[in-house]
2 protein chains.
Amino acid sequence: MNDVGRRRYATLAASLRARVQAGEWPPAIALPSEQALAQENGVALGTMRRALQVLVEEGLIERIHGRGTFVRSGLSGASMLRFFRFGSGRGGVPRSTIVSVKRVVTTAEVQRQLGSAPGAAALQLLRLRSFDGVPCVLEQIWLPLPDFELLAAGDPGDWGDLLYPLYAERCGVQVHRAVDEIGFGSLTAAQARHLGLPAGHPCAVVKRAAHDVAGRCVEVRVTRGDAHAFRYAVTLT
Amino acid sequence: MNDVGRRRYATLAASLRARVQAGEWPPAIALPSEQALAQENGVALGTMRRALQVLVEEGLIERIHGRGTFVRSGLSGASMLRFFRFGSGRGGVPRSTIVSVKRVVTTAEVQRQLGSAPGAAALQLLRLRSFDGVPCVLEQIWLPLPDFELLAAGDPGDWGDLLYPLYAERCGVQVHRAVDEIGFGSLTAAQARHLGLPAGHPCAVVKRAAHDVAGRCVEVRVTRGDAHAFRYAVTLT
DNA sequence: AAGTGGTCTAGACCACTCT
DNA sequence: GAGTGGTCTAGACCACTTG
């Protein structure tokens, strides 16, 4: 609890981080100006700027010249399709089809990732994404209940093609950070049927854990697509 | 060529970048101090710091408290093994076996990546890496000639287990940046034989283009390993 | 015009490394 | 102790967005 010897901007950054994670500033309403924050904390303007810069680099907030400083809203460009090259997919948003929605008791593995209690309930979705009617990837998705109770009630037909905006609008859940783990496997007969591929066909498997701004896991997702369509680039420096 | 209206630190950063890429400061000898650079360019210290910070973020230089500012030397942690999970590989450096070395005329694809002229010569290596005598990944490597002429002459037996330090010591080539593109495929009979797997076995394929500090491509590499041992994590924010 | 973040300055003082 | 980068200050001025 003692800050002696600690860099002042780091202390300020920690304090601001806590306030952001506690939801003090909802997305779309600005934080106090750097002037105000500096005064409030009795530090020079440059020091407060430095503290804010830390949170910017963490991806927690964004600063817009002339407008203000804002808590970053949901993830953009998180589509699984970025892992695959499909002939017709010219950057557009692929169609989403919800194959099934059921209330389940999570398996131990999913439970661990969601950080929920043993025997906790979840909503399990099966979702197919396609370009021009051609199925590309198949997704299994688990959402913790009761947070997503409103989705369990609704009609999947009007959910649209993107899930994260849906989570935000209907359930007030903002996905802020995600970790994707890439692996390899082969399709079960049932999975292959949805994708129009032979059973046992090789597939890329992307396991995602998505978290909100406070670090709580709000979605577990397993995506499968044809291994031959998989491509992903990494830059090292 | 005109800097009017441009941010001063960006101009300074560009100037420094050019000098670094021209090789003005070899690795291990320090750049002038920020004081000296600021004075030399007639700007405040903070502005020069900001310019240096740009190059740090680009991964071009690194600053060490109390010692000075240095051009970053070769890539570290660039091992292909980071893409795979093998039972025995507890973080150690795997053994490297050079299967073959030959002088070749590059294919169009490799030529394009190396940025060399049509019909240009290259050195082609075939390399097997193993833990405890168990082969893990197989690599095809192309190196532009005449830059790597000294390797063509030497005995692969004394090359050791790491290539990038070898490139630096024997040929004066520093690998500074690399782009790895991940995909999936299957092994040819010859490839499978080296890895002790059946022909046609699914494999992960990592295609790398490695560049020096000036941006020139100095190595093309294709690495293959058992697809079932592949795993890679990506974080999105 | 008022308010926001971005750039630049000039200087003090601190922390680390080397000799 | 001399020299390096890292932190912090106090303030001027600029560029962008909004009413």
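When reading the values below, keep in mind they use all heavy atoms of this one structure, side chains included, and skip hydrogens, waters and symmetry mates.
A:Arg17 CZ: more than 12 foreign heavy atoms inside a 6.0 Å radius. Heavy-atom contacts from other residues, nucleotides or ligands closer than 6.0 Å to CD of B:Gln39 number 12 or fewer.
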Quiz: residues 20-32 of chain B side-chain donor-acceptor pairs under 3.5 angstrom, not counting sequence neighbours:
unit_1  : atom_1 : unit_2   : atom_2 : d
B:Gln21 : NE2    : B:Val213 : O      : 3.4
B:Glu24 : OE1    : B:Arg19  : NE     : 3.0
B:Glu24 : OE2    : B:Arg19  : NE     : 3.3
B:Glu24 : OE2    : B:Arg19  : NH2    : 2.8

Distance-only donor-acceptor pairs under 3.5 Å for side chains of residues 141-155 of chain B, two or more places apart:
unit_1   : atom_1 : unit_2   : atom_2 : d
B:Asp147 : OD1    : B:Arg216 : NH2    : 3.2
B:Asp147 : OD2    : B:Arg216 : NH1    : 3.3
B:Glu149 : OE2    : B:Arg103 : NH1    : 2.9
B:Glu149 : OE2    : B:Arg103 : NH2    : 3.1
B:Asp155 : OD1    : B:Gly157 : N      : 2.9

Taking distance alone, no hydrogens or angles, what donor-acceptor pairs closer than 3.5 Å link side-chain atoms of residues 162-171 of chain B to residues at least two apart or in another chain?
unit_1   : atom_1 : unit_2   : atom_2 : d
B:Tyr164 : OH     : B:Arg208 : NH1    : 3.0
B:Tyr164 : OH     : B:Glu219 : OE1    : 2.7
B:Tyr167 : OH     : B:Glu219 : OE2    : 2.7
B:Arg170 : NH2    : B:Asp158 : O      : 3.4

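Here A:Ser116 pairs with nothing under the side chain to side chain donor-acceptor pair (under 3.5 Å) rule; sequence neighbours left out. Residues satisfying the side chain to side chain donor-acceptor pair (under 3.5 Å) test with B:Arg224, not counting sequence neighbours, are B:Gln140. Scanning for salt bridge (charged side-chain N to carboxylate O under 4.0 Å, His left out) contacts around B:Glu181 gives A:Arg231, with sequence neighbours left out. With sequence neighbours left out, A:Arg63 forms a salt bridge (charged side-chain N to carboxylate O under 4.0 Å, His left out) with A:Glu34.
When DNA chain C is scanned 5' to 3' for any atom under 4.0 Å from a heavy atom of chain A, the first and last hits are C:dG3 to C:dT7.
Between the side chain of A:Gln174 and the main chain of A:Ser73, no donor-acceptor pair closer than 3.5 Å is present. Listed for the B:His176 side chain is a donor-acceptor partner under 3.5 Å among the backbone atoms of B:Gly59. Listed for the A:Asp132 side chain is no donor-acceptor partner under 3.5 Å among the backbone atoms of A:Val134. Distance alone, capped at 3.5 Å, is enough to place a donor-acceptor pair between the A:Asp212 side chain and the A:Ala214 backbone.
An end-to-end axis angle of 10° holds for the helix from C:dA1-D:dT18 to C:dC18-D:dG1, taken from five base pairs per end and rounded to 10°.
Residues of residues 25-44 of chain B that place a heavy atom closer than 4.0 Å to DNA chain C, in numerical order, are B:Val43, B:Ala44. Across residues 49-56 of chain A, A:Arg50 each have a non-hydrogen atom less than 4.0 Å from an atom of DNA chain D (numbered order). Scanning residues 59-70 of chain B for heavy-atom distances under 4.0 Å to DNA chain C yields B:His65, B:Gly66, B:Arg67.
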>> Between A:Asp180 and A:Met80, does the side-chain contact (heavy atoms from CB on, under 4.5 Å) criterion hold? Intermediate values first, please.
In response: CA-CA 9 Å; A:Asp180 290 343; A:Met80 288 300 169; 3.9 Å; yes

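Aromatic ring orientation, B:Phe230 versus B:Phe84: perpendicular (interplanar angle above 60°, classes split at 30° and 60°).
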